[in-house]
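Note that the structure is predicted; figures quoted are calculated from it, not measured.
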Amino acid sequence: METQLALLAFNAAPVAIVLTEQRVIRACNQTFARLLGYRAEDLPGQSFRLFYGSDEEFEEIRDIGLTLLRETGSYTDERLVRHRAGHVLWCRFRATTLAPEAPLDRLVMSFAPIHEGGPVSLSKRERQVLELMNRRLTSKEIAARLHLSPRTVDDVRGRLIKRFGVRRAADILPMLGGRG
């Protein structure tokens, strides 16, 4: 009976929860599946790659937070994840590892949307720039990380400013619920 209640609580939790092993979904609740446009029964066995715009983004995001997961067992940030329909969601991401010596072996994660507006469609480059802006990198640092010129990064920031109707790029993140 207690096992059934625990499973009921997991499935009906108002927060999106997922358990992964080596970045493969082993279990998720209905809230997680609905948030990203799937049915919960369709996700176990799927790679977390589903939720990123490219293989490069999927690989890049892997190492973010690994040091903290090893040291403290948990990690939190904000990130863009891809909905089944193709648009992205800005979410607060929290992770707890069940294996600190190898954090990705078994990870419990929660996702909570922090952008109250409608779906956001961003290009791969826009997603990359926004992710790095959220980590408080300057245009020069972003350019170096992405192997671009600072001018290219400034152009992307300019497009984002125009799209979101703000005066400066730093105003975009608060709109999406990021740190800003």
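- Atoms CD and CG, on Glu141 and Leu146 in that order, are 11.5 Å from each other to the nearest 0.5 Å.
- With hydrogens and angles disregarded, no donor-acceptor distance shorter than 3.5 Å links the side chain of Thr31 to the backbone of Ala16.
- Within 6.0 Å of CD on Gln4 lie no more than 12 heavy atoms contributed by other residues, nucleotides or ligands.
- The backbone N or O of Leu80 sits less than 3.5 Å from a side-chain atom of Glu131, completing a donor-acceptor pair.
- For the atom pair OG1 (Thr20) and CG (Leu98), the distance works out to 9.0 Å, reported to the nearest 0.5 Å.
- Listed for the Asn11 side chain is no donor-acceptor partner under 3.5 Å among the backbone atoms of Asn29.
- Between the side chain of Thr72 and the backbone N or O of Leu68 there is at least one donor-acceptor pair closer than 3.5 Å.
- For Arg84 and Phe51, the positive end is not near the middle of the six-membered ring at less than 6.0 Å and at most 45° from its axis.
- Every residue meeting the side chain to side chain contact (heavy atoms under 4.5 Å, CB included) condition with Thr67, not counting sequence neighbours, appears here in chain and number order: Glu71.
- For the pair Asp155 and Arg159, the salt-bridge criterion is not met [side-chain N within less than 4.0 Å of a carboxylate O].
- With hydrogens and angles disregarded, no donor-acceptor distance shorter than 3.5 Å links the side chain of Arg49 to the backbone of Glu59.
- With Ile61 as reference, Tyr52 is the one residue of Phe48, Phe93, Tyr52 to meet the side chain to side chain contact (heavy atoms under 4.5 Å, CB included) rule.
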*Under the side chain to side chain contact (heavy atoms under 4.5 Å, CB included) criterion, do Leu66 and Leu104 qualify, and how do the steps go?*
CA-CA 8 Å; Leu66 277 182; Leu104 299 179; 3.9 Å; yes

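- With Arg34 contributing its side chain and Arg39 its backbone, the two residues share no donor-acceptor pair below 3.5 Å.
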